[in-house]
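So the structure is just underneath, and the comments pick up after that.
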Amino acid sequence: MTVSPDYCWSCYKDEPFPTTGGVYIVCFECGHIYVTEQDLVDAYNLEIQEINRQSARERADGFEHLYSSGLPELPMKTSGDSIRFCQHCLHDF
Ligand SMILES: [Zn+2]
Ligand SMILES: [Zn+2]
């Protein structure tokens with residue numbers, strides 16, 4: 001099997017590089033394309049929401065002793081400046 005150079009190993013499909021307008025960032029590990037900064041921010045915040053939901057569930061399930069340090073909810077981001085890794089494969093940019 002030959003793999004397209006546009007193949008994204010996180011999404012398991014080709015993600016063709018847009019021919020106009022450029023892209024915000026490309027993960028060179030898995031090939032995922034974040035076309036806009038907002039794409040990266042959204043992907044990051046989705047993960048954060050999931051982690052916070054998971055923490056809330058575990059607290060509700062009686063695992064609050066794991067949070068004796070008072071682990072705060074993780075903050076969402078509004079810009080991609082401080083997001084330094086691919087949200088799909090966790091590889092550093
Ligand atoms: Zn990646
Ligand atoms: Zn992808």
Side-chain angles (χ1 to χ4, degrees):
M1 166 184 150
T2 52
V3 175
S4 153
D6 292 329
Y7 194 75
C8 172
W9 291 96
S10 289
C11 301
Y12 303 109
K13 63 180 175 69
D14 283 348
E15 291 182 1
F17 205 86
T19 50
T20 56
V23 299
Y24 178 64
I25 204 160
V26 178
C27 174
F28 290 107
E29 184 66 19
C30 70
H32 190 75
I33 295 177
Y34 298 92
V35 178
T36 66
E37 180 178 3
Q38 196 61 45
D39 287 345
L40 177 60
V41 171
D42 288 349
Y44 178 90
N45 286 339
L46 265 181
E47 293 295 317
I48 292 299
Q49 283 172 330
E50 184 48 44
I51 290 167
N52 285 340
R53 254 197 304 274
Q54 180 75 28
S55 303
R57 255 198 308 273
E58 287 173 4
R59 266 192 286 267
D61 288 346
F63 289 98
E64 60 279 339
H65 58 282
L66 296 176
Y67 299 96
S68 52
S69 58
L71 193 74
E73 290 225 324
L74 297 169
M76 310 264 257
K77 297 216 191 273
T78 53
S79 102
D81 293 350
S82 55
I83 304 175
R84 304 311 317 158
F85 57 95
C86 176
Q87 300 307 303
H88 291 287
C89 71
L90 304 182
H91 202 265
D92 289 343
F93 288 138

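Bear in mind that the values here come from a model prediction, so they are computed numbers and not experimental data. Whatever order the structure lists them in is the order used to number ligands and atoms, beginning at 1.
- For the residue pair C30 and C86, the shortest heavy atom distance occurs at SG-SG, 3.8 Å.
- Among the atoms of C27, an N, O or S atom falls under 2.8 Å from the Zn ion (ligand 1).
- Between Y34 and H88, the ring-plane angle classifies as parallel under the 30° and 60° cut-offs.
- At least one N, O or S atom of C8, from either the backbone or the side chain, sits less than 2.8 Å from the Zn ion (ligand 2).
- Checked against the Zn ion (ligand 2), the N, O or S atom of H32 at the shortest distance is ND1.
- Residue contacts to the Zn ion (ligand 1): C89 brings an N, O or S atom closer than 2.8 Å.
- If you look at E15 and ask which of its N, O or S atoms sits nearest the Zn ion (ligand 2), the answer is OE2.
- Annotation: F93, atom CZ; neighbour count of heavy atoms from other residues, nucleotides and ligands within 6.0 Å is above 12.
- Of the options N45, L46, N52, a side chain to side chain contact (heavy atoms under 4.5 Å, CB included) to M76 is made by N45 and by none of the others.
- For residue C30, an N/O/S atom approaches the Zn ion (ligand 1) to within less than 2.8 Å.
- Between L40 and Y44 the shortest side-chain heavy-atom distance does not fall below 4.5 Å.
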Steps toward salt bridge (charged side-chain N to carboxylate O under 4.0 Å, His left out) verdict (E37, K77)
CA-CA 11 Å; E37 180 178 3; K77 297 216 191 273; over 6 Å; no
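- C86 lies close to the Zn ion (ligand 1), since one of its N, O or S atoms is found at a distance under 2.8 Å.
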